[in-house]
**Q** 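Following this message is one structure expressed as structure tokens.
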Amino acid sequence: MTPSSLHLLSVRRRRLGPYVDLGPFFLFFGISGVDRGRAARVQKRFDLEYYPHIVTLRLSPAPAPGRYALRGLPAEANKRGWTAQPGGTLQGDLSDDGLADLRAWLDSGGGEVRPEALASGG
């Protein structure tokens with residue numbers, strides 16, 4: 001794919017409600033069982049807390065809708081990939097370090113990036 005120029009549109013911080021794990025409460029009262037979905041819930045909560053910034057970018061030839069890695073971005077800013085929307089914008093979740101790296105990269109003049117489609121599994 002041809003190189004693209006990148007423009008930062010918006011950064012929004014995700015607001016999270018309190019996380020309550022009721023497993024210890026039930027164990028205290030002798031109600032036990034196997035919580036098969038707990039690991040997935042804890043991983044999802046970790047991801048939401050560690051990657052709290054929802055970043056929207058615009059590429060100047062817009063890629064087709066789908067999941068992409070933007071080659072040319074700093075590694076931390078490209079860790080989770082980007083989702084191209086039908087309107088031509090890309091959205092991704094970044095950690096504090098990833099957002100700082102992206103802003104530093106843009107402030108230093110940025111450069112050109114190449115969107116590469118990610119595998120659709122997982």
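One is the number of the first residue; the rest follow in order along the sequence. Side chains are part of it too, since the values below use all heavy atoms of this structure and drop only hydrogens, waters and symmetry mates.
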**Q** When rounded to the nearest 0.5 angstrom, what is the spacing between CG in D47 and CZ in R14?
**A** 9.0 Å
**Q** Are V11 and L70 linked, directly or through intermediate hydrophobic residues, by side-chain heavy-atom contacts shorter than 4.5 Å (ILVMFWY only)?
**A** yes
**Q** Cluster question for you: counting only ILVMFWY and a side-chain heavy-atom cut-off of under 4.5 Å, with indirect links fine, are L59 and L9 together?
**A** no
**Q** Give the C-alpha distance, both sets of side-chain angles, the deciding distance and a yes or no for side-chain contact (heavy atoms from CB on, under 4.5 Å) between W82 and L118.
**A** CA-CA 9 Å; W82 298 86; L118 293 174; over 6 Å; no
**Q** Walk me through whether N78 and V113 qualify under side-chain contact (heavy atoms from CB on, under 4.5 Å).
**A** CA-CA 11 Å; N78 206 19; V113 295; over 6 Å; no
**Q** Is Y51 linked to L99 within one hydrophobic cluster, defined over Ile, Leu, Val, Met, Phe, Trp and Tyr using a side-chain heavy-atom separation of less than 4.5 Å?
**A** no
**Q** Is a side-chain donor-acceptor pair under 3.5 Å present for D96 with H53?
**A** yes
**Q** Using a cut-off of 6.0 Å, state whether more than 12 heavy atoms not belonging to R71 lie near its atom CZ.
**A**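 It does: R71 CZ has more than 12 such atoms within range.
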**Q** Going by an N to O cut-off under 4.0 Å, is there a salt bridge joining R114 and E116?
**A** yes
**Q** For L90 and T83, what are the C-alpha separation, side-chain angles and deciding distance, and is it a side-chain contact (heavy atoms from CB on, under 4.5 Å)?
**A** CA-CA 5 Å; L90 284 96; T83 303; over 6 Å; no
**Q** Can you tell me how far the CG atom of D101 sits from the OG atom of S95, to the nearest 0.5 Å?
**A**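 The OG atom of S95 is 7.5 Å from CG of D101, to the nearest 0.5 Å.
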**Q** Mind running side-chain contact (heavy atoms from CB on, under 4.5 Å) on I54 and L94 for me, showing each step along the way?
**A** CA-CA 7 Å; I54 301 169; L94 295 180; over 6 Å; no
**Q** What heavy-atom pair brings P65 and P86 nearest, and what distance separates the two atoms?
**A**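 For P65 versus P86, the nearest heavy atoms are CG-CA, 3.9 Å.
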**Q** Of all the heavy-atom pairs spanning Y68 and A64, show the shortest one and how long it is.
**A**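 Smallest heavy-atom distance, with atoms named: OH-O, 2.8 Å.
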**Q** Between R58 and T89, do the side chains contain a donor N or O and an acceptor N or O under 3.5 Å apart?
**A** no
**Q** Given side chains that start at C-beta, do those of L57 and L102 come closer than 4.5 Å, heavy atoms only?
**A**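 Yes, their side chains come closer than 4.5 Å.
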